[in-house]
Amino acid sequence: VILSLTKLRIMKESLSLVFVGDRGVGKTSLIASVMKGAFVDNVPALFKTKMHLPQKLITEPVQINLIDTSLQCQEESDISAIIKDADVVCIVYAADDDETITRLESYWVPFVVESLTSPISLPPHHVSSTTQPSTFIDTPTLSPPTSDNGISATTTTTTTSSPSSSFSTTTASSEALPTNAPTSNITDGTALCTPPSSPPSSLSQSVHTSNTVPIVIIANKTDLVTEEEAAHERRIRKHVLPLMQTYPSIESCTECTAKKPKTVSKALYYAYNRGIYPIAPLYDIREKRLCSRAVQALTRVFTICDEDKDDILCDVEVVQFQHIIFHKILTQDELQGIKDVVDRGTQDGVRENGLTLKGFLYLHSRFIERGRLETTWTVLRAFGYSDDLTLSDHYLHPTLQISADCTPMISAPAFEFLTRLFNEYDTNDVGTLTKDQINKMFAICDEIPWEDDVFPFSRDVEWTRDQFLSLWVYVCWASPQSYLSALVQLGFSFKDKQKGSLNPKTKDAIDLTYMRQNERLLGVNTRRLHIGFLFGKQGCGKTSLIQSLAEKGCRIILGYKSLCRTSVGTVDVMRVQHFLLLKEFAVNSLDREVIESDVIANECDVALLCYDITDSSSFSYIVALKENLGTPSPRVVFVACKCDLHAVEQNAAMQPEEYCAKNNIPLLKLTDRSRDRQRVFEEVVAISQEPQQLLHKIRPASSSSSIVYSVLGVAALAVGTYFVWRLMKRVKQLP
């Protein structure tokens with residue numbers, strides 16, 4: 001179930017196979033034969049609409065479109081435009097006609113390659129993506145392919161395995177194949193061969209760079225070949241293999257005849273599998289090595305699966321990997337077989353009875369070289385990779401709908417994941433992570449999500465678990481998309497599968513259910529994250545408060561992008577751990593602008609108005625800010641800073657104590673003592689838990705209507721409970 005859902009998300013929903021070739025080679029007859037399930041004597045010169053290959057002939061959850069072309073009915077520019085939109089290009093020639101074979105080299109292959117790589121915009125072709133399939137042909141049940149008829153461009157044998165078969169290299173091919181895939185080899189009219197190590201001298205053109213669209217050469221009309229098999233094979237080697245060497249995008253060559261639909265379905269099987277499981281992004285055929293992007297992707301997979309971060313996949317980790325990706329358990333013999341293959345094939349691939357990264361990469365190189373691209377692609381797609389080996393956008397950047405008054409928070413599964421991640425990289429069990437360990441953690445990511453949002457600092461810093469989590473709390477709040485992207489790259493979805501989730505999603509890492517409007521209607525804030533905005537005259541002590549929270553919290557001053565110093569730390573209130581985030585607004589008119597705007601109502605739980613008791617004009621500054629506070633507003637507290645120094649009379653209509661008492665505003669006193677500062681943080685969290693209730697009625701938006709009705713229901717239940725309690729009390733008083 002997991003594998004199927006993953007494929008549906010990552011793989012393309014449809015693939016287009018475009019058939020090109022000379023007139024009379026049988027392109028249209030091939031399409032008619034596989035659609036009809038029988039040879040069709042009379043076919044049109046061109047199928048003008050695309051055909052949908054019957055799903056019963058396809059081994060994967062993808063729609064295969066067959067698109068016909070004809071130089072007799074279409075202009076060359078039209079065919080070139082069709083080729084540009086292809087996922088796989090099938091060049092067809094007649095096995096009994098030498099002229100069509102030589103035109104592969106002289107015309108068709110260069111034309112297809114140029115069409116795929118040319119940046120010139122050509123006229124749109126006649127096949128529309130919305131065109132309905134033709135009704136010319138019916139689709140009866142067709143027997144699945146029963147024999148191998150493929151010529152691999154990269155291997156001496158053509159072996160194909162099921163994506164869900166096994167990670168083992170010793171699995172029998174008959175067990176590894178999909179139900180509709182070829183299961184045995186045939187010899188009649190088939191040339192199984194490997195391209196020569198260097199281009200023949202007779203081929204004067206230079207080696208062409210491969211494009212990302214695979215090309216498959218199909219020999220039709222093999223039933224009309226009269227020459228002996230050896231002579232036929234020599235002809236193929238002479239004309240086809242040099243092309244495969246010169247043009248790496250030619251990935252395979254296969255033979256069939258339209259008079260035998262089963263051979264056609266086999267040929268198409270190999271063709272569409274080249275589109276579903278492309279080799280070009282994974283493997284450099286000419287250099288015979290994995291491409292750099294494939295190495296990078298597989299390194300990330302290895303790192304995520306290496307739970308103890310010892311740079312070795314032990315037996316337990318390999319078995320767990322196999323079970324999650326392929327839903328099968330490797331036996332001890334199969335495990336040992338894998339390690340034996342790696343140990344024989346590469347140095348330092350096995351160490352301490354486990355697979356190293358070098359061995360893991362070698363194993364995938366071996367899969368690819370043996371034609372088992374399904375295995376590697378299944379692994380990569382399970383970890384979110386698309387066909388170009390980038391993490392798919394819906395996986396990395398899911399669409400989020402965040403209301404203005406929502407507080408994005410780390411979800412419970414994400415907290416568990418981050419805690420496990422911390423423990424994995426705390427390899428020496430000291431309870432802290434160094435900067436080097438943090439860098440190692442994010443080596444598989446694009447960036448450290450908070451790195452470019454930190455005010456410069458020079459000291460060496462280490463993070464405890466809670467301090468590490470505080471950093472993530474900030475990232476989730478400040479940039480939910482960056483937070484999700486980083487968590488996905490670190491393996492959140494895969495780790496969630498380990499816990500048994502059938503279909504883990506990126507969005508499971510974030511909680512977007514907390515809305516301030518609802519909290520103010522209820523008068524209760526049940527969040528574990530509380531946001532405080534700091535205001536006050538320059539030099540009053542705001543930055544000192546930020547630094548104090550950072551010292552025991554996130555360890556660094558954040559908010560560099562917005563130039564608003566921010567810190568996050570943990571605060572225990574009633575034996576429950578909370579996170580407090582404080583953001584400072586400097587005196588540059590920004591503080592007055594923010595306090596008068598909707599920003600403070602939507603994003604802030606507590607406004608901390610700070611004043612310096614040693615500055616006579618400091619208190620009047622925050623009083624003026626308070627008077628401009630918008631509605632609805634967060635809770636407000638006044639913070640008297642530097643209380644361990646001598647206080648002066650404030651130049652204001654009322655002194656701080658009198659003003660706060662009259663306006664029912666909490667007045668917190670702050671000194672340089674650590675305990676006093678901690679007490680202030682605890683008070684702020686406690687105040688945040690009781691938001692300013694709305695005294696006027698707010699018409700609920702559609703998204704919060706259910707909340708309002710829930711509140712009324714709770715109130716009704718409370719009233720009912722009260723009367724039941726009164727009744728029971730009276731009953732007990734009866735004699």
Side-chain angles (χ1 to χ4, degrees), residues 455 530-559 563-571 573 578 580-592 594-595 600 604-629 633-688:
F455 280 86
H530 308 272
I531 312 299
F533 284 3
L534 270 64
F535 302 92
K537 189 178 177 182
Q538 186 173 354
C540 69
K542 303 186 300 297
T543 303
S544 176
L545 199 59
I546 292 285
Q547 291 172 338
S548 180
L549 181 61
E551 188 63 32
K552 293 187 176 181
C554 56
R555 302 288 288 153
I556 49 180
I557 305 299
L558 301 157
L563 298 180
C564 293
R565 291 183 178 85
T566 306
S567 61
V568 187
T570 57
V571 178
V573 176
H578 295 260
L580 176 61
L581 184 151
L582 296 181
K583 182 174 183 177
E584 174 191 356
F585 290 90
V587 183
N588 55 5
S589 77
L590 179 62
D591 55 353
R592 188 175 300 277
V594 169
I595 211 162
I600 195 166
C604 178
D605 298 313
V606 181
L608 289 81
L609 304 184
C610 305
Y611 74 97
D612 179 0
I613 67 168
T614 66
D615 181 354
S616 60
S617 63
S618 185
F619 183 71
S620 60
Y621 184 87
I622 63 171
V623 169
L625 288 177
K626 169 64 176 65
E627 300 302 324
N628 287 285
L629 191 62
S633 67
R635 292 292 303 273
V636 177
V637 298
F638 280 16
V639 181
C641 301
K642 306 179 185 179
C643 287
D644 45 351
L645 301 178
H646 177 69
V648 299
E649 184 177 355
Q650 294 295 317
N651 186 18
M654 286 184 284
Q655 292 304 298
E657 291 79 3
E658 181 185 2
Y659 181 89
C660 290
K662 181 178 180 180
N663 292 278
N664 196 26
I665 298 174
L667 177 60
L668 308 180
K669 296 185 178 182
L670 187 66
T671 69
D672 280 339
R673 292 191 295 270
S674 175
R675 179 55 199 156
D676 285 347
R677 294 175 179 271
Q678 189 62 28
R679 188 180 297 113
V680 167
F681 299 147
E682 293 170 1
E683 288 283 349
V684 171
V685 171
I687 291 169
S688 172

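Just so you know, residue 1 is the first one in the sequence shown, and it goes up from there.
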Whether over 12 other heavy atoms sit under 6.0 Å from Glu627 CD: yes
Donor-acceptor contact below 3.5 Å, side chain Asp605 vs main chain Ile531: yes
Pair Phe585 and Phe533, ring centroids less than 6.0 Å apart: yes
Donor-acceptor pair, side chain of Gln655 and main chain of Gln650, under 3.5 angstrom: yes
Polar side-chain atom of Lys583 near backbone of Cys564 as donor-acceptor pair, under 3.5 Å: no
Within 6.0 Å of NZ in Lys669, more than 12 heavy atoms from elsewhere: no
Straight-line distance of Leu549 CG to Ser544 OG, nearest 0.5 Å: 11.5 Å
Whether over 12 other heavy atoms sit under 6.0 Å from Asn628 CG: yes
Distance in Å, Cys641 SG paired with Leu668 CG, rounded so as to fall on 0.5 Å steps: 10.0 Å
Heavy atoms of other groups near Gln538 CD, more than 12 under 6.0 Å: no
Non-hydrogen atoms of Phe619 and Pro656 that approach each other most closely: CZ-CA, 3.5 Å
Heavy-atom closest contact (Leu534 atom, Lys542 atom, distance): CD2-O, 3.6 Å
CD1 on Ile557 to OG1 on Thr543, rounded to 0.5 Å: 8.5 Å
Aromatic ring pairing Phe638/Tyr659, orientation class (parallel under 30°, perpendicular over 60°, tilted between): parallel
Rounded distance [0.5 Å steps], NZ in Lys552 versus OG in Ser674: 3.0 Å
Nearest-0.5 Å distance that lies between atom CG in Leu558 and atom OG in Ser567: 8.0 Å
